[in-house]
Amino acid sequence: YTMKIIETKGKVADSGSIILPPGVLETMCVTAGDTVHLAYLSHHPVKEINSYGEFFLTKDGIDNVTEPVEAPESAELSVPHVLLEAAGISLDDDLDIRCEDGAIIIGSADPVKQLPPQLMELFDSLGVSHDTIRCVLEGGAEDE
C-alpha cells in the first residue's frame with residue numbers, strides 16, 4: 001500500500017476562513033469548533049514563513065502522522081563553476097535555489113552577498129556592520 005497525495009480545492013472567505021468542500025472534514029473526523037493544525041515548508045534561514053505558499057492540514061499535527069510518507073528520490077543540481085563565478089558567487093557559498101515560472105533562480109543564501117556592490121560600499125563607508133545588514137534583511141532586530 002502506497003500513500004498518495006490527493007488535492008482538493010476550497011475558497012478563502014472575506015473573513016480569512018478557508019471553506020472546504022463538503023465531506024473533507026468529516027472524513028478527517030473533524031467537526032465545527034475542533035482545533036486543526038496547518039503545517040508548511042519554509043526555506044528561510046531565520047523567519048518561520050510559509051515560503052512555498054502551501055499548507056498541510058492535519059487533525060493532530062505532523063508529529064502524529066502514523067504512516068511514514070516516502071520522500072521523493074533525491075535530485076542533485078550541478079551548477080558549473082564558471083556560471084557561479086560569472087554571477088559573483090563564491091564556490092564555497094551556501095546557495096539559495098528557488099523555482100519560479102519558467103526559471104530556476106540561484107543565488108547566495110547570505111542576503112548580504114545579494115546586495116549590489118554600490119550599496120555595500122555605502123554601508124561600509126557609513127560603518128554599518130555586515131551582521132547588522134544581515135539582521136535587518138532577515139527581518140529581525142539586532143540586540144544591542
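Quick caveat, the model's predicted, so the values are computed rather than measured.
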Between side-chain atoms of residues 120-128 and protein atoms elsewhere (two or more places apart, or another chain), which donor-acceptor pairs fall under 3.5 Å?
residue	atom	partner	partner atom	Å
Asp124	OD1	His130	NE2	3.1
Ser125	OG	Glu121	O	3.4
Ser125	OG	Leu122	O	2.7

Where Pro21 and Gly10 come nearest, the two heavy atoms and their spacing: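 Answer, listing the atom of Pro21 first, then Gly10: CD-CA, 4.4 Å.
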Residue pair Ser129 / Thr132: nearest heavy atoms and the distance that separates them: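 Taking every non-hydrogen atom into account, OG-OG1, 2.8 Å.
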Validation row: Val12, Ile19 side chains within 4.5 angstrom (heavy atoms):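 Side-chain contact under 4.5 Å: no.
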Non-hydrogen side-chain atoms of Ile89 and Leu95 separated by less than 4.5 Å: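 A side-chain contact under 4.5 Å exists here.
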Neighbour count >12 (heavy atoms, 6.0 Å) for atom CD, Glu48: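 Open.
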Verdict with supporting geometry, Leu25 and Thr31, side chain to side chain contact (heavy atoms under 4.5 Å, CB included): CA-CA 7 Å; Leu25 296 178; Thr31 59; over 6 Å; no
Joint cluster assignment, Ile49 & Leu38, ILVMFWY side-chain distance < 4.5 Å: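 No, because Ile49 and Leu38 fall into different hydrophobic clusters, even though each may have its own neighbours under 4.5 Å.
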Pairs where residues 80-94 contributes a residue and the test salt bridge (Lys or Arg N to Asp or Glu O under 4.0 Å) is met, not counting sequence neighbours: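 Passing the test, one end in residues 80-94: Asp93-Lys113.
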Any residue meeting side-chain contact (heavy atoms from CB on, under 4.5 Å) with Pro80, in chain and number order, not counting sequence neighbours: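 Expected list: Val82, Leu83.
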Side-chain donor or acceptor of Thr27 paired with backbone N/O of Gly23 under 3.5 Å: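 Side chain of Thr27 to backbone of Gly23, a donor-acceptor pair under 3.5 Å: yes, one is there.
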Point-to-point distance, once rounded to the nearest 0.5 Å, from OG of Ser17 to NZ of Lys11: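 The distance works out to 14.5 Å.
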